[in-house]
Structure formats: C-alpha cells, structure tokens
Amino acid sequence: MPLFNKSKASRKEAEEPLGNSSASHSAPPETPVQKAKLVFHCQQAQGSPTGIISDFSNIKELYQQIANCYDFPPEEILFCTLNTHKVDMSKLLGGQIGLDDFLFVHRKGRAKEIEMTKSEDALGLTITDNGAGYAFIKRIREGSLIHAAKYIEVGDHIERIDEVNLVGKRHFEVAKMLKDIPKGAVFTMRLVEPLKAGFANIGPRGDPRKTKKQTYGSGKETLRLRADGNAAIEQEPDGTTQAGIDKINNLLESFMGINDSELATLIWEKSEGKKNSMEFAEAIDESDLEELAFTDDFIIELWGAITDARAGRLR
C-alpha cells in the first residue's frame, strides 16, 4: 500500500483489530498567555550579546521578534535550540518552550549543492522542519547513502531538489519527494548549513538574570505555541502522555521519515476520548492532520502505541 494513500471507507468498514480501550487521559489545563509578562532570553549560536524577546504566540512571530532584536531578516533563521549553542537535534525548539529555557538562534550559513545517484531505495535521513517554512536534516542513519556522501550534515536546510524550490513546504512533503525519486536516478540537492561558530564549548553569555549559578531548562511549565496562533501555558506532560508522544514520533520517523514532536503531540490529543481505532481514524480525517494521508496500516500502528501508553506498557 502506498505510504501517502488511504481509504476512509475502508477504515469505517474494517473490523476493530485492537480491543484495548483503556480510559484516555484528559489534556492538562491551559492558562491563557499574558504576552506582556512573558520574556525569553536568546543569543545567536555563533556568538552575540544576549537579547530579550517577548510578545509572540507562534513560531513565525517568535522568529520575527528575534530578527527585530538583532536587526536581520527572519528568513535568516534556520532553527533554534534550547539551552545549547550546538547543532544538537535533541534540543530543537518545537512547539513548546520551557518558561526558563534559553534560546540559541542558528542562522543561515554556507550554501552547497550535492549531486547524488540514488543507488538505494532509502537515502537514510530523517527530516524535520522549523515551523516557518524550512525543512532540514535531523538525523542521518549510519552506513546509509547520505552518511557516505561528503559535506551533508545534520542541521542542513534542504532548500531545493533539482529545480524544485522547497522553501515553504512541510517536512512530510520533502520526505515524499525524496522517497519518490526513482532508484538509479541522479539528482541534485541544494543545502544551506547553519552558520558555524568561531568558538566552541561556550554557554550563555551576559545573561542579565544570572545573579547566581543558573540551571537552564529546569522549569515544569511550558509555553505551547500552537499552529492556530493561540499560545497557552501548560504543565509538562505526565509520564504516560510523554511515553505515548515519544512512541508516536518514533513511528512517524519509521513510516514517513519525519520527526516532529509537536505533530506527535497533536496526534496524541486526537486520541483523547476515543475508544477504538475507527473513532481515532475519524478524528484524524476530520482534522488538519488529514493532509498527511496516513494509511490504514499506519493508523493501526498509531493506535497500538496509544493503547500501549495508556496501559503503562511503554513506561
């Protein structure tokens, strides 16, 4: 079955294969964001004075505020990491920021074009995006075709494949385009790497909050930046929820070649109150997640992860 095709009718007519109908976990209460009272500290990853930013409710607004702070176009920002200046994909800014997290801004660096022959079915990379129109490489599988290629690195923005401009496309669209390249075909990727730092092993510099030894990222509340533009302060997910979200994200990577904790969180939320995979599939079909075109088999895999998390089997 093709990865990006599905049949709603077949979902509704299929018999339920999983009988675990454990009670769902209700979403944590949300507190409306008071923009004027929330401030965050940031620095450019390659080195800069500390900036103070506020008054944003989604990723694009955040990037605009950072750009205003440092006086460069927001299109210069590839992504942000939390509490580290390094290109550490485990610390990527997604849809949530801890209220005491320190943001490091990674700007566009050198552009490069790599010509490759797709000698294997899978290229061996995982793609994510920055929430503002840039897809980039989050992980490269050791021993893969991409791993063997010189000059391709984790953190590189995939700007173009052959003559197709990918700016503005989501990670799943880029992943599908790479997957659809025929085996044996020659193609060219234009990549943009993050601006390299002129020094290493540094921490936040000139932090106006630092009156004593500071531990970053230790808060239990997060600012959730939703795709619809409405931000809210939430408690960190409990163990059951986080285990389910992590498993869903692993499935997204295995089945679709993308990694997106915010997307995994949205999928988990669509399962709340659902008693079987058919109700869950209908909730997906009736939401913005429909554009991902999950197959029936993938819906069953997701539902299995959700029921395992509810039953405590993922702890």
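Computed over heavy atoms, backbone and side chain alike; hydrogens, waters and symmetry mates excluded.
- Note: Phe72 and Tyr70 have parallel aromatic rings, judged against thresholds of 30 and 60 degrees for the angle between ring planes.
- Within a 6.0 Å sphere centred on CG of Asp288, other residues, nucleotides and ligands contribute 12 heavy atoms or fewer.
- Under a 3.5 Å cut-off, the side chain of Asp162 and the backbone N or O of Val164 do not form any donor-acceptor pair.
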- Message: What verdict does the side-chain contact (heavy atoms from CB on, under 4.5 Å) test give for Leu191 and Ile158, after you've listed the backbone C-alpha separation in whole Å, the side-chain angles of each residue and the deciding distance to 0.1 Å?
- Response: CA-CA 5 Å; Leu191 305 169; Ile158 306 175; 3.8 Å; yes
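- Atom OG of Ser90 sits about 8.0 Å away from atom NZ of Lys138, to the nearest 0.5 Å.
- Checking Asp285, Ile267, Ile284 one by one against Ile299, the side-chain contact (heavy atoms from CB on, under 4.5 Å) holds for a single residue, Ile284.
- A donor-acceptor pair is defined here as one N or O able to donate and one able to accept, closer than 3.5 Å; no such pair exists between the side chain of Thr241 and the backbone of Asp238.
- Two residues are said to be in side-chain contact when any heavy atoms from C-beta on lie closer than 4.5 Å; Met89 and Arg139 fail this criterion.
- Atoms NZ and CZ, on Lys270 and Phe280 in that order, are 10.5 Å from each other to the nearest 0.5 Å.
- No side-chain donor from either of Ser48 and Gln43 sits under 3.5 Å from a side-chain acceptor of the other.
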- Message: If you apply the rule side-chain contact (heavy atoms from CB on, under 4.5 Å), what do you find for Cys80 with Ile97, and how did you get there?
- Response: CA-CA 11 Å; Cys80 294; Ile97 310 173; over 6 Å; no
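- Counting non-hydrogen atoms of other residues, nucleotides and ligands closer than 6.0 Å to NZ of Lys118 gives a total above 12.
- From Glu115, atom CD reaches atom CZ of Phe187 across 9.5 Å, with rounding to the nearest 0.5 Å.
- Considering only residues two or more places apart in sequence or on other chains, Glu75 meets the side chain to side chain donor-acceptor pair (under 3.5 Å) condition with none of them.
- Between Glu286 and Lys274 no salt bridge is recorded (no basic side-chain N to carboxylate O distance below 4.0 Å).
- Cluster membership for Val192 and Ile152, using ILVMFWY side-chain heavy atoms within less than 4.5 angstrom, is not shared.
- With sequence neighbours left out, Phe136 forms a ring pair (Phe, Tyr, Trp, His ring centres under 6.0 Å) with Phe79.
- A heavy-atom distance below 4.5 Å is found between the side chains of Phe298 and Leu252.
- In this structure, the separation between OG on Ser54 and CD on Glu61 is 11.5 Å, given to the nearest 0.5 Å.
- When the ring pair (Phe, Tyr, Trp, His ring centres under 6.0 Å) test is applied to Phe40, the partners found at least two apart in sequence or on another chain are Phe56.
- More than 12 heavy atoms of other residues, nucleotides or ligands sit less than 6.0 Å from atom NZ of Lys108.
- Among Asp260, Thr128, Ile127, Leu292, the single residue meeting the side-chain contact (heavy atoms from CB on, under 4.5 Å) criterion with Arg170 is Asp260.
- Distance check: Gln65 CD to Cys42 SG gives 10.0 Å after rounding to the nearest 0.5 Å.
- Glu193 meets the side chain to side chain donor-acceptor pair (under 3.5 Å) test with Arg110, Lys112; sequence neighbours excluded.
- In this structure, a donor-acceptor pair under 3.5 Å is absent between the side chains of Asn249 and Glu253.
- Thr117 places no side-chain N or O within donor-acceptor distance of the main-chain N or O of Ser119, the cut-off being under 3.5 Å.
- In this structure, the side-chain contact (heavy atoms from CB on, under 4.5 Å) partners of Ala185, at least two apart in sequence or on a different chain, are Ile181, Pro182.
- Residues Leu289 and Leu263 are in side-chain contact: their nearest non-hydrogen atoms beyond the backbone lie under 4.5 Å apart.
- How far CG of Leu178 is from CG of Leu166: 8.0 Å, rounded to the nearest 0.5 Å.
- A ring pair (Phe, Tyr, Trp, His ring centres under 6.0 Å) check over residues 146-169, counting only residues at least two apart or in different chains, returns the pairs Tyr134-His157.
- Comment: Arg190 engages Glu113 in a salt bridge, judged by a side-chain N to carboxylate O separation of less than 4.0 angstrom.
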